[in-house]
Amino acid sequence: MSERDSLVKDSLHELIGFVDKSTVRFVNHLIDKSADIEEFKTKVKNALGTDDHQKVDNFSHELWSQLRPNRSQTKRRLKTKTIEEVEERVDLTPHETNASQKSGSKGTDSSRRGYESDESMDSSEEERVRDLKERDEFSERLKLKDKNKTRNIATNNDKKSYEEAAKRLKLEAEDRKKIVPKLRVESRRLYLEKRKEDKLALLEGDIADEEYLFNDVNLTEKEKAGLEYRKKVLHLAREHDRARDLEKVQRYHIPSEDKDSEYVEVDDTERAPNAEQKKWEEERLGIARLRFGAKDANRKARKEYELVMDAEIEFVQSLTIDGNHFEEEDEEKDEKKTKRQTLDETRRSLPIYPFKEELIEAIREHQVLIIEGETGSGKTTQIPQYLHESGFCNDNKKVGCTQPRRVAAMSVAARVAEEMGVKLGNEVGYSIRFEDCTSERTVLKYMTDGMLLREFLSEPDLSSYSVIIVDEAHERTLHTDVLFGLVKDIARFRPDLKLLISSATLDAQKFSEFFDDAPVFRIPGRRFPVDIYYTKAPEADYIEACVVTILQIHVTQPLGDVLVFLPGQEEIEQTQEILQERQRKLGSRIRELLIRPIYSNLPTDMQAQVFEPTPPNARKVVLATNIAETSLTIDNILFVIDPGYCKQNSFNPRTGMESLIVVPISKASANQRAGRSGRVAAGKCFRLFTAWAYQHELEDNTIPEIQRVHLGNVVLTLKSLGINDILHFDFLDPPPHETLVLALEQLYALGALNHLGELTRLGRRMAEFPVDPMMSKTLIASEKYGCSEEIVTISAMLSVNASVFYRPKDKAIHADTARKNFFQMGGDHLMLVNVYNQWAESGYSRQWCLENFIQYRSMCRARDVRDQLEGLMERVEIELKSCDSDNIVIRKAITSGYFYHTARISRTGGQYKTVKGQQTVLIHPNSSLFEEKPRWLLYHELVLTTKEYMRQTIEIESQWLLEVAPHYYKDRELEDSTNKKMPKQLGKSNNDLNRVYPKL
DNA sequence: GAGCACTGC
């Protein structure tokens, strides 16, 4: 309950002695609707029928004085803000209207013209003005709600969140208790290691000297024994280091005799802790020795395994090919160094520390600063702290720092809270979807980029922030790209706002140009070197090549885990099979090889296996998708195999079709992958393509997401931020014109924009939902059809994507049967409701999921999304109501959002044609309607895989389209020979005809 | 009768 509600409640209790939810709502309503206090008083008197005038007077005054001033303040503030915005954007205004008219008239649909001419100009104008007024009133109500809400984790307004916070903070405190001694131990350990390393180096020097000096001198037995002993000690110490580096929990073990010889060939110094700097310099000076060692090992192994290795790939090292040129050009590239991961060192030891003063000075001097720093420089954790120390958080202003991923936001915030010695959620907090861990005391706020984007909706000028840091900007997520344009815009009319854009190499110059030539501040990082090997000739079959390379590494290289990047689940399973087969054939001739797949759709417990430590004397091979590129880090990887492909989603605005296809990766991505091999020690990366291909065939950077996806939601968000001229919005890399126009057209057809391209009340409400515009329209339409409960479930289930059903290859038949058991009359959306409801009935049971081949994790996520959507439904003033599974109304509600996505069976049968666009499409074989082949279909999405498929379909009646989107469909379009001609009024007048389906 | 990379709100 909000603060406002409790105030009303208390006052009411005093006045009439009882209180309930609807009375509170009613009084709230009266306050909002009354023009002045007298009106309010009269209304209260009339409504409550109480005679005690004094009491009513007190009651009214108290509420009015407490609630209304706020409101008028909000209003005033809002107004000035709007004026400011208008002034700021005044130069844009002329083409705003032009642009939207242009985009409007660009659509050649005759239906659209029909829609406009349906109403006379006057009434449509009146309608528009009224709608805009309602829209603004709605926004205002939202603002008020937000203001009163201020659900704070550190206060006990909201009991539930308070308890949660208390629990979390307690855990946090316990963690710290645990961590401090751990830190002490760690620092002692580091010291000892350093000391040991020094001693070992001394010993090594001694031995070398001795051998050199007394080479041809006859030593006594004792002297010889002494030398041998020292050699042995050195060897064992090195051995121990290596064993520990490769395997965290592994204890020292005595290498067997035959393995001994193998180790001699490896450059042991590279394994020693704290030797990376030395190693780095060494490599710079000339790595011949190292390369020779590796080659030698190769040759030796070849001899030994001649019979078992039926194929072998020849690799060439990049440095041999590209020489100095390559090295110089890419001096600061990731592949050459890797970050030192342990931040357990004190803050002072971070590479950023020496730059502190300089950095603060630069920030004071310039409004926008690009920070180019490699991962491991400490920028994410340190810069906000420096800003805090330098007084950027005075006057209740915050420093905001965005991250592309939730985990990053959480863990970095926790880390910084610890460093500053405060409780997480107080001075340092984080804000991610489903979890707001901040309070009014929060000054350093870490959040996901999408979260800051949502914050723009309630605070368009970000007035509570003094600094915004956009971290990991080089990743170019959809949200960061949109943020760029927005923060650039507000920076113009808020000179006091500082902007820091932080990026890893390469892109810095581009960012600088975008932000009006903002200066670039460079911070060095620390990384281990990584050797890059390319194939001599292109590989035709990358899966086969992967398998061969894995085995080649396994038999020729020292112990150390291998990470293989594959495009998808299918390739991973295939590789795993082949590898297991080969392994069986080789039997005991090779060491143990543990194969561990990982991809996001893999159940959590199986994912966890990837992180289990490798047993001694074995090697772990991780077969991963792109998930291992940025999202998760696997320790102790020394070798990376990179076939150079990934699966990429791209959206074709002309066909409205998404495709997920295997494409070559970019150079940036290849370097990122290579960097994963050198996180704990110097690593090696084997690229299954040629150096020539790397130089000439790979793009420098991956195409940014914003140019590859459907932008419906982005455009709606921008519109509701008052940016009308979408087509000229300042994008760092503008998305294709067609994508924007398509998004605008769809929003217009959905009723989110009026014919002038202005946001309507409906559009404003739609923008509140973090879903596709078509889905948010469906959510709002569900009110009319009285099935909001079900639609919220459908929306949540669809948002977790296709990852609801788990289908392991070996139990495919069982999984399919389980899935078929959920089928529902009407189509896939109804099946999803069925799945969710059954799960809910099982008490959200994990066991139930296991039995039914459902992914527990996805269901939990759906539940989270569902809870959030429920909250938002209340926010946009829609009551939650169930239709008791009347599947007609559910499908009608979906149709009113997805009337764009319809298809009709074609004469040949089996195939479908989209109603608009006449594209040939097929029902996805996983759909419950695959065998049924109804005449009219609505699909959730169109995907191009091997064929053009409609995924998630429901059966609809063609006349529903006229009912829900009369402006979009003409009668004629909905008739054809397969569909017997219907009387025009049928859809509306004879609803009972639709009820031929049994209820669920 | 196919086969869904990865985030995020």
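So you know, we letter chains A, B, ... as the sequences are listed, proteins then strands, and number each from 1. Since the model is a prediction, treat every value here as computed from it, not as a measurement.
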Closest to the A:Asn601 side chain, choosing from B:dA2, B:dC4, B:dT7 | B:dC4

Rounded distance [0.5 Å steps], NE2 in A:His829 versus CD1 in A:Ile794 | 6.5 Å

Which pairs, with at least one residue in residues 622-632 of chain A and sequence neighbours excluded, count as a salt bridge (Lys or Arg N to Asp or Glu O under 4.0 Å)?
-> A:Glu629-A:Arg673

Measure from CG on A:Leu602 to P on B:dA5 and round the result to the nearest Å.
-> 11 Å

So which nucleotide from B:dC9, B:dA2, B:dT7 ends up closest to the side chain of A:Tyr949?
-> B:dA2

Contacts of type side-chain hydrogen bond (donor to acceptor under 3.5 Å, both in side chains), residue A:His901, not counting sequence neighbours | none

Listed nucleotide nearest any side-chain atom of A:Arg951, set B:dC6, B:dC9, B:dC4 | B:dC4

Any side-chain N or O of A:Lys947 less than 4.0 Å from the OP1 or OP2 oxygen of B:dA2?
-> yes

A:Leu486 side, atom CG; A:Asp461 side, atom CG - distance, nearest 0.5 Å | 12.5 Å

In whole angstrom, what separates A:Leu566's CG from B:dC4's P?
-> 15 Å

Determine the contact category for A:Thr477: base if any of its heavy atoms lies under 4.0 Å from a base atom, sugar-phosphate if only primed atoms, P, OP1 or OP2 are that close, otherwise nothing.
-> nothing

In whole angstroms, how far is the P atom of B:dT7 from the CD1 atom of A:Ile706?
-> 20 Å

By nearest nucleotide on DNA chain B, pick out whichever of A:Pro567 and A:Pro770 is the more 5' one.
-> A:Pro567

Please report, rounded to the nearest Å, how far the P atom of B:dG8 is from the CZ atom of A:Phe769.
-> 22 Å

Describe the nucleic acid contact of A:Tyr599 in one word from base, sugar-phosphate, nothing, applying a heavy-atom distance below 4.0 Å.
-> sugar-phosphate

Taking B:dA2, B:dC4, B:dG8 as options, the one with an atom nearest any side-chain atom of A:Arg406 is B:dG8

Nucleic acid contacts - residues 622-631 of chain A versus DNA chain B, non-hydrogen atoms under 4.0 Å | A:Thr625, A:Ile627, A:Ser631

Between atom CD in A:Gln648 and atom C1' in B:dT7, what is the gap in whole Å?
-> 13 Å

For B:dC9, does OP1 or OP2 lie under 4.0 Å from any side-chain N or O of A:Gln868?
-> no

Residues forming a side chain to side chain contact (heavy atoms under 4.5 Å, CB included) with A:Gln855, sequence neighbours excluded | A:Asn601, A:Pro603, A:Tyr806, A:Arg857, A:Ser858

Partner set under side-chain hydrogen bond (donor to acceptor under 3.5 Å, both in side chains) for A:Asn713, not counting sequence neighbours | none

Closest to the side chain of A:Asn926, out of B:dT7, B:dA2, B:dC9, is B:dA2

Rounded to whole angstroms, how far apart are CG on A:Leu453 and P on B:dC9?
-> 11 Å

Side-chain N or O of A:Thr448 closer than 4.0 Å to phosphate OP1/OP2 of B:dC9 = yes

A:Asp772 side, atom CG; A:His710 side, atom NE2 - distance, nearest 0.5 Å | 5.5 Å

Among the nucleotides B:dA5, B:dC6, B:dA2, which one has an atom lying closest to any side-chain atom of A:Pro925?
-> B:dA2

Starting from P on B:dG8, measure out to CZ on A:Phe434 and report it in whole angstrom.
-> 10 Å

Does A:Ser411 have any side-chain hydrogen bond (donor to acceptor under 3.5 Å, both in side chains) partners at least two apart in sequence or in another chain, and if so, which?
-> none

Options B:dC9, B:dT7, B:dA5, nucleotide nearest the side-chain atoms of A:Arg433 | B:dC9

Across the strands shown, which category fits A:Ile432 at heavy-atom distances under 4.0 angstrom: base, sugar-phosphate, nothing?
-> sugar-phosphate

Just how far, in rounded Å, is P of B:dT7 from CZ of A:Arg857?
-> 9 Å

